[in-house]
Amino acid sequence: MSRSSRTLRGHGSARRQRQRVWRSSHSAATAQQRRLKKKMKMKMKLWRRQRKPGTTTPTRGKGSATTKLRQMATTPTPCRSTLLTRPHKAAEKAKQASLKTNGNQHDEEAGRERVSDGETFAPGAFDILANRADDEDDEVDVSAWEELELSTKILDSLAKLKFSRPTTIQALTIPEITAGRDVIGKASTGSGKTLAFGIPIVESYIASPKTSKDAKDKVPLALIIAPTRELAHQITAHLVALCAKGDFVAPSIASVTGGLAVQKQRRQLEKADIVVGTPGRLWEVISSGQGLLHKLKQIRYLVVDEADRLLSQGNYKELGEILKILDKDDAAAEEGPEIDAAPEVERQTLVFSATFQKGLQQKLAGKAKAGSGDLMNNQQSMEYLLKKLKFREDKPKFIDANPSSQMASKLKEGLIECAGTEKDLYLYSLLMFHPKKRALIFTNSISAVRRLTPFLQNLQLPAVPLHSSMVQKARLRSIERFKERPGSILVATDVAARGLDIPQVDLVIHYHLPRAADTYVHRSGRTARAEASGASILICAPEEVAGVRRLIAKVHSRADEAPKSRKTAYFIRTLDIDRRIVARLKPRATISKKLADTVIAKEKKHSNNDVMRQAAEDLGVDYDSEEFEKEAKGKKGRGTGRKKKEKEASEMTKAEQQALRHELRGLLSQRINTGVSARYLTSGGIDVEALMAGDGNMEFLGNVDGLGFDDD
Ligand SMILES: Nc1ncnc2c1ncn2[C@@H]1O[C@H](COP(=O)(O)OP(=O)(O)OP(=O)(O)O)[C@@H](O)[C@H]1O
């Protein structure tokens, strides 16, 4: 050995010796550092893997970072006040991160878990059931489900969800679906229809042999079609929750809806076991890829949720195309080359809704009188569905879980009459009469949503908007906010009318009269869900009252069963509202409306200018907005009054707006009492603080409890 190498070795061994000494003296700290380093490395690895689309998360040892992250994602720190609706923040973050790329992964054999291709939906907005399943210690007795002969794996999941017994529609439909029958299921809003078809589909998935892990060869088991993006995401979330804690390899669920990247959805659909989607996007994805179509022709379950809406005129186009193309294989198989023919499959068709009567969809503006024979009974509904859908059986099983009513049993209905021009004021008053209640306000137009949201926000009410022109992320954010904050207000178009399942919605307000009776049923069904109670209140202008009575009669009378005398006997309750209080709220509402109108008018002017400028540019002419307005002046016609108001609003200066805001702040800090003396107010009997904060107070506002609902 040469000197130099000896020296080197010597140095090396001396260094190792020094390291040994150092290590032994710092062993505890070093071990901890090493653990931390390892943990960080794993987290980084996991993070990198999650950023890669289509990758899965391998299961590690019990205490690994991966497992801990997953545990964080699914087990929120118990927090009494937020447990039901809101997981711990860190858990939420981890859950979002984990679901964002891979879904909540867990696979028994391959050490992987597969629940949903989460990037297609935002679990945060719809994870109500998932949160419910988090408190594992609190499982319930599920013996009431035994008659349905479900697997222990599903029973276990139901226990974790704390669903102690099936709802009526579940008890009636699950055995039929399991027995292989085509089913048409009708049950009132909020009665658990999603799991009525979800449980048998997941059962079937558990029981079926897992063929291929290769996306290329994978065939989906079920295709579930829903009318809106939100509903599709929610169905996905409900199925994810059912599978998340089950002791089985969970299915891969793809949510295929508009507003998200098509390419990604196509890839997710390729490897999905269950596909949930809206007709438009499904059609776009299916029709562009021959391979996908071939796969979807082999599904074992086709579910049409909110079927009456999907099959109605104006909505049927894309669903009709999907159904046609799914059914086409029979003929193609005979004529086309062998390679194009999909194998014969016995597809079960499952159809669900709370409303099947065609009459409910007729516009209220029509002259049809209630009970005039335009309602379909179950037999007629079935004939109608048979025409639209290709069932496997000649006669599918029609199950009507609530033949006497399609409205939730604990729903209270009422109307408030006011001048058409005072609807904003009455809406505000109604919300003040129901302080801190979670309320959903329905309008018939996007512009009304755009106007009412700032109107309420100016009045310090926590309002968020929802309509179809919003980008998907904003739509989901609104729902999430509405779900998270108690006492929040969602101002929405009918995009929120069907299927949306948000717990503890106390109040549904129809700012605009629904255009058809079925819309009234579904809007009202956003409250009083799952045996909870709630109220549905229409704000009506005097000229609308006749339409409302017709609508209510349609909803409550049974054309086939009710005696003639009773068909029009149902009158909706007119609610008393203390008009003195309304009058005192008026100055606030007027200023807030002015401010909201100003913002809208300025935005409109801005976008009009952009359009005109673009048009002028295209034509190669100069555009001067002031000159253009001058020319338009003097021309009189329809809408000039409105335009003048809009112009005035758009021209309000910043200083004027500021002054109005200041005035409104002053008004909001003042008391609105009904003759109660100020001394009484300060004597401690009333929560003045809450009133000052604009939170409302029953006593302060007068005796308004229940607005007369309680004298029933
Ligand atoms: N067996 C059960 N026990 C208790 N709650 C249940 C049960 N099944 C479902 N639920 C809950 O009931 C609520 C309503 O369910 P779901 O959204 O499926 O109703 P729906 O009948 O589809 O309503 P809609 O007609 O409005 O779409 C959900 O929050 C769901 O978690």
Side-chain angles (χ1 to χ4, degrees), residues 84-85 125-133 139-148 150 154-155 157-174 185-202 224-228 230-242 244 276 303-310 350-356 360 399-402 405-411 440 479 483 494-505 508 518-532 534 536:
L84 271 179
T85 54
F126 297 102
D127 56 2
I128 298 148
L129 284 189
N131 296 341
R132 200 174 168 144
E139 290 181 15
V140 297
D141 171 20
V142 286
S143 50
W145 289 88
E146 264 163 25
E147 269 184 33
L148 306 188
L150 300 173
I154 284 284
L155 288 177
S157 285
L158 291 167
K160 282 170 185 158
L161 287 170
K162 302 179 196 70
F163 290 169
S164 56
R165 57 179 50 78
T167 63
T168 312
I169 188 73
Q170 290 163 357
L172 294 174
T173 52
I174 290 172
K186 177 172 170 284
S188 54
T189 50
S191 59
K193 293 189 283 296
T194 312
L195 290 188
F197 60 78
I199 290 171
I201 289 175
V202 174
I224 301 167
I225 306 180
T228 63
E230 281 74 16
L231 185 51
H233 295 314
Q234 187 180 286
I235 293 170
T236 308
H238 279 204
L239 295 179
V240 167
L242 179 67
V276 189
V303 181
V304 186
D305 197 18
E306 306 292 345
D308 57 329
R309 160 85 188 275
L310 281 171
L350 313 173
V351 179
F352 281 84
S353 185
T355 48
F356 276 116
L360 294 184
I399 295 171
D400 189 347
N402 309 84
S405 173
Q406 47 226 328
M407 309 295 279
S409 58
K410 292 189 183 157
L411 177 80
L440 211 168
I479 290 179
K483 195 197 82 189
D494 285 324
V495 76
R498 290 225 181 205
L500 218 58
D501 180 52
I502 295 179
Q504 289 147 26
V505 173
V508 166
D518 70 317
T519 312
Y520 175 71
V521 173
H522 290 278
R523 279 182 179 184
S524 304
R526 296 319 99 209
T527 184
R529 296 177 71 73
E531 296 296 306
S536 168

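Order of listing sets the numbers, starting from 1, for every ligand and every atom in it.
With atom 19 (O) of ligand 1 as the reference point, the heavy atom nearest to it among Ser188, Gly192, Ala187 is part of Gly192. In this structure, of Gly198, Gly185, Ala530, Ala237, the residue bringing a heavy atom nearest to atom 12 (O) of ligand 1 is Ala530.
Remark: side-chain polar atoms of Asn402 are paired, donor with acceptor, to backbone N or O of Ser188 under 3.5 angstrom. For Gln234 (side chain) and Gly499 (main-chain N/O), a donor-acceptor pair under 3.5 Å exists by modelled atom type. Arg526 places a side-chain N or O within 3.5 Å of a backbone atom of Leu500 that can act as its donor or acceptor partner. Judged purely by atom type and a 3.5 angstrom limit, Ser157 uses its side chain to pair as donor or acceptor with the backbone of Leu242.
For ligand 1, the atoms lying closer than 4.0 Å to a non-hydrogen atom of Gln170 are 1 (N), 2 (C), 7 (C), 8 (N), 9 (C).
Within the 4.0 Å heavy-atom cutoff, Trp145 counts among the residues contacting ligand 1. For the ligand labelled ligand 1, residue His522 lies outside the 4.0 Å heavy-atom shell. By the 4.0 Å heavy-atom criterion, Arg165 is counted among the residues contacting ligand 1.
The CG atom of Leu155 sits 7.0 Å away from atom CD of Glu146, with the distance rounded to the nearest 0.5 Å.
Under 4.0 Å from ligand 1, heavy atoms of Thr189 appear from its side chain as well as its backbone.
The distance criterion of under 3.5 Å between nitrogen or oxygen atoms is not met by His238 with respect to ligand 1.
The side-chain hydrogen bond (donor to acceptor under 3.5 Å, both in side chains) search around Arg523 returns Asn444, Asp494, His510, not counting sequence neighbours.
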